[in-house]
Trainee: 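My questions will all concern the structure given below.
In each ligand, atom 1 is the first atom listed, and ligand 1 is the first ligand listed. Numbering starts at 1 and runs along the sequence shown.
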Amino acid sequence: MLTQFEERINAGEVIEPKDRMPERYRKQLIRMMSQHAHSEIVGMLPEGNWITRAPSLRRKMTLLAKVQDEAGHGLYIYSSTETLGVSRAELVDQLLYGGAKYSSIFNYPTLTWADMGVIGWFVDGAAIVNQTMLAKCSYGPYARAMIRICKEENFHKKQGYEIIATLSAGTPEQKAMAQDAVNRWWWPALMMFGPPDTESPNSAELMKWKIKLKSNDELRQRFVDLTVPQAQAVNLTLPDPDLKFNEETQHWEFGKINWDEFWQVIKGNGPMNAERLKARRDAHEKGAWVRQAAAEYARKHNPELINS
Ligand code: BYC
C-alpha cells in the first residue's frame, strides 16, 4: 500500500517546506543539499587562487564574477536547506569541524591558467548535466534554486570553453598547457557524478522519492556524450585510449575509472583536502567579528527578527 506521501510523489507533485514528509526524506535532502552547498563554497577556492594572476583585465573580471556567483549558489542552497529545519550555522559547523562531505573535484590543485578554462568547461559542464535534472526534483525550494543556478552555470561553462578554445588555437606552449589541464581534470570530472550505480547506497531511496531523476551512471554517460565532440572541436584529446563511439547504442564508451582514487579523495586523502578545509576554517574564524557585528546591528534595529 502506498502512503499518501508516495502517492503525491508518484503523481509528480512538488513537496513544499510545510508539507508532511517522511523523516528519511527530510534527512536525505539535508544530506544532499548541504553537501551541494558546501561544494559551491569550497569550489570558490581553486579558482579564487587565480584571480590575481588572470592574464588580462577581461579575464580577471569574468573570473571574479564567476567566483562570486559560486558564493551566491552556496547561499541559495544553504537557505533552501534551512527550510527543512536546520540552521546554516549548524551546516557550516558540520563542514568545518564535523567531516561533512563536499564534491571530490575540489580536492585537486589548479596548477596553470588553463585549469580555469577546464574547470568552467568540465566542472561546470558536469554540474549542468547533474543540476538540470535536480531542477525537476520533488522538493520545491531545491528545484527552484537549481533553475537559477543552472542559468549561471551555463555562462560559466561558456567562459571556460572559450578560454580553452583560445589556448588551443594559440602558440604550441598554450596548446600544450590546455592539453595538460584536460589530461589532469578529465577523470576527476567523471568522478563528480558519484560511484557506479551498483555501489551507490543512496540512489534507490533518492530515485524512489524523485529527488534524483537519473542515476549516477546515466548522468556520467550523458556528460561524456556531450563533451567528446566539444573536445574534438577544439582539437584536444581526452586522456582515454578506450574512448570509442558505439554505433548501436549511439553512446561513447569509455575506460575504467579509478574508483580507489575517488574513495580516497572523499575520505579526506586527496591532494588538497587538508588545504581546502584549512582555508575555509581560517576564513570563518577571521570573519567572526563580521557575524558578531551583524548580529548586534540586527538586535538593535530589528529585535523582532532576532526573537522570532
Ligand atoms: N564527491 O550513494 P551515492 C559546482 C558520496 S558544485 C564527494 O551515489 P548520492 C561548482 C555521497 O555523498 C556541484 N562525495 O550518493 C562549484 C555518499 O556519501 P554519504 C556539486 C561524493 O547522494 C564551484 C557516498 O559518496 N554538485 O557545480 O546518491 C565551481 C555514496 O554516493 C561524490 C552537487 O553536490 C563526489 N563526487 O549521489 C564550479 C549535486 N559522489 O553522504 C562548479 C548534488 C558521491 O552517504 N548532489 N559522494 O556519506 C548529487 O547529485 C548527489 O549527491 C551525487 C551523489 C550524485 C553527488
Trainee: Considering only NZ, NE, NH1 and NH2 on the basic side and carboxylate oxygens on the acidic side, decide whether R299 and E296 come within less than 4.0 Å.
Mentor: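 Between E296 and R299 there is a salt bridge, with a charged N closer than 4.0 Å to a carboxylate O.
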Trainee: Looking at non-hydrogen atoms alone, which of K212, R220, H156, Q35 comes nearest to atom 28 (O) of ligand 1?
Mentor: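 Considering heavy atoms of K212, R220, H156, Q35, the nearest to atom 28 (O) of ligand 1 sits in K212.
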Trainee: Any side-chain to backbone donor/acceptor pair from T227 onto V224? Under 3.5 Å, distance only.
Mentor: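 Pair absent, no side-chain N/O of T227 close to backbone of V224.
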Trainee: Which residue from H36, M32, R31 reaches closest to atom 22 (O) of ligand 1 through any of its heavy atoms?
Mentor: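 Checking each option, the heavy atom nearest atom 22 (O) of ligand 1 is found in R31.
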Trainee: Check this for me: does any side-chain nitrogen of one of E16 and R144 sit under 4.0 Å from a carboxylate oxygen of the other?
Mentor: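 Yes, this pair counts.
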Trainee: Any N/O of N202 closer than 3.5 Å to an N/O of ligand 1?
Mentor: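 N/O-N/O distance under 3.5 Å: yes.
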Trainee: Does the pair E82/R88 count as a salt bridge with the N-to-O cut at 4.0 Å?
Mentor: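 No.
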Trainee: If the contact criterion is a heavy-atom separation under 4.0 Å, does L134 count as touching ligand 1?
Mentor: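 Yes, that is the case, since the closest heavy atom of the residue is under 4.0 Å from the ligand.
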Trainee: Got a salt bridge between R222 and E218, using NZ or NE/NH1/NH2 to carboxylate O under 4.0 Å?
Mentor: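 Looking at E218 together with R222, the answer is no, because their closest N to O distance does not fall below 4.0 Å.
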Trainee: Applying a heavy-atom cut-off of 4.0 Å, say which part of F262 lies close to ligand 1: side chain, backbone, both or neither.
Mentor: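 Side chain only.
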Trainee: Nearest non-hydrogen atom to atom 56 (C) of ligand 1 belongs to which of M207, M44, M192, E205?
Mentor: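 Nearest heavy atom to atom 56 (C) of ligand 1 lies in M192.
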Trainee: Where does I105 meet ligand 1, judged by heavy-atom distances below 4.0 Å: at the side chain, the backbone, both, or neither?
Mentor: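 Neither part.
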Trainee: Find all atoms of ligand 1 within a distance of less than 4.0 Å from any non-hydrogen atom belonging to G194, and give their numbers and elements.
Mentor: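 Counting from 1, the qualifying ligand atoms are 40 (N), 44 (C).
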Trainee: Relative to ligand 1, is L206 under 4.0 angstrom through side chain, backbone, both or neither, heavy atoms considered?
Mentor: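 For L206, only side-chain atoms sit under 4.0 Å from ligand 1.
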Trainee: Establish whether atom 53 (C) of ligand 1 and some protein heavy atom are separated by less than 4.0 angstrom.
Mentor: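 Answer no: nothing from the protein, no heavy atom, is under 4.0 Å.
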Trainee: Classify the contact between H73 and ligand 1 as side chain, backbone, both or neither, using a heavy-atom distance cut-off of under 4.0 Å.
Mentor: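 Under 4.0 Å from ligand 1, H73 contributes no heavy atoms.
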Trainee: Consider every N or O of W263 and every N or O of ligand 1, then say whether any pair is closer than 3.5 Å.
Mentor: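 No, W263 has no N/O under 3.5 Å of an N/O on ligand 1.
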Trainee: Check each atom of ligand 1 against the heavy atoms of E47 and keep those under 4.0 Å away; list them by number with element.
Mentor: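 In order of number, 29 (C).
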Trainee: Just need the protein heavy atom nearest to atom 14 (N) of ligand 1, so name the residue and atom and give the distance.
Mentor: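 Going by distance alone, atom 14 (N) of ligand 1 is nearest to I266 CG2, 3.4 Å.
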Trainee: Any carboxylate oxygen within less than 4.0 angstrom of a Lys/Arg side-chain nitrogen, looking at R58 and E162?
Mentor: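 The answer is yes: the pair qualifies as a salt bridge.
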Trainee: May I ask you to say whether D124 pairs ionically with K66, meaning some side-chain N is under 4.0 Å from a carboxylate O?
Mentor: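 Yes.
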Trainee: Would a 4.5 Å heavy-atom cut-off, applied to side chains only, mark Y161 and Q230 as touching?
Mentor: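 Result yes, sub-4.5 Å side-chain heavy-atom pair found.
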Trainee: Taking distance alone, with N or O pairs closer than 3.5 Å, would you say K66 contacts ligand 1?
Mentor: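 N/O-N/O distance under 3.5 Å: no.
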Trainee: What I want to find out is whether K286 reaches D282 closely enough, with some N-O distance under 4.0 Å, to be called a salt bridge.
Mentor: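 No.
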Trainee: Mind checking whether F106 contacts ligand 1 via backbone (N, CA, C, O), side chain (CB onward), both or neither, at a 4.0 Å heavy-atom cut-off?
Mentor: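 The answer is the side chain of F106.
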Trainee: Tell me the contacting part of V265 for ligand 1: side chain, backbone, both, or neither, using a 4.0 Å heavy-atom threshold, strictly below.
Mentor: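 Neither; nothing of V265 gets under 4.0 Å from ligand 1.
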Trainee: With heavy atoms under 4.0 Å as the rule, classify the contact between M191 and ligand 1 as side chain, backbone, both or neither.
Mentor: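 Contact part for M191 vs ligand 1: backbone (N, CA, C, O).
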Trainee: Can you check which of S104, G43, A204 brings a heavy atom nearest to atom 35 (C) of ligand 1?
Mentor: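 That would be S104.
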Trainee: Between E70 and ligand 1, is there a nitrogen or oxygen pair with a distance under 3.5 Å?
Mentor: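 In fact, backbone or side chain, E70 has no N or O that close.
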Trainee: If hydrogens are left out, which of P195, P196, S215 has an atom nearest to atom 44 (C) of ligand 1, that is, the closest non-hydrogen atom?
Mentor: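 Result: the heavy atom closest to atom 44 (C) of ligand 1 is in P195.
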Trainee: Check whether any N or O atom of S200, backbone or side chain, sits under 3.5 Å from an N or O atom of ligand 1, and answer yes or no.
Mentor: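 Yes, S200 has an N/O under 3.5 Å of an N/O on ligand 1.
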Trainee: Measuring from non-hydrogen atoms of M33 to any atom of ligand 1, is the shortest distance under 4.0 Å?
Mentor: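 No, M33 has no heavy atoms under 4.0 Å from ligand 1.
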Trainee: Considering only heavy atoms, does F122 approach ligand 1 within less than 4.0 Å through its side chain, its backbone, both, or neither?
Mentor: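 Answer for F122: neither.
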Trainee: With side-chain hydrogen bond (donor to acceptor under 3.5 Å, both in side chains) as the test, pick out the partner of E205 among Q28, K212, K27.
Mentor: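 The residue from Q28, K212, K27 that satisfies side-chain hydrogen bond (donor to acceptor under 3.5 Å, both in side chains) with E205 turns out to be Q28.
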Trainee: Could you tell me whether K256 and D242 make a salt bridge, using a distance below 4.0 angstrom between a side-chain N and a carboxylate O?
Mentor: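 Here K256 does not pair with D242 in a salt bridge, since their nearest N and O are not under 4.0 Å apart.
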Trainee: Compare every heavy atom of I128 with every heavy atom of K157, then report the nearest pair and how far apart it is.
Mentor: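 Looking at all heavy atoms of both residues, the closest pair is CB-CD1, 3.9 Å.
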Trainee: Run the contact test for E199 against ligand 1 with a 4.0 Å cut-off on heavy atoms, strictly below, and give the result.
Mentor: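 For ligand 1, residue contact (heavy atoms, under 4.0 Å) with E199 is absent.
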Trainee: Salt-bridged, R220 to D217, with N to O below 4.0 Å?
Mentor: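 Answer for the salt bridge query: yes.
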Trainee: Of the choices K101, Q131, H38, which has the non-hydrogen atom that lies closest to atom 13 (C) of ligand 1?
Mentor: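 Answer by nearest heavy atom: Q131.
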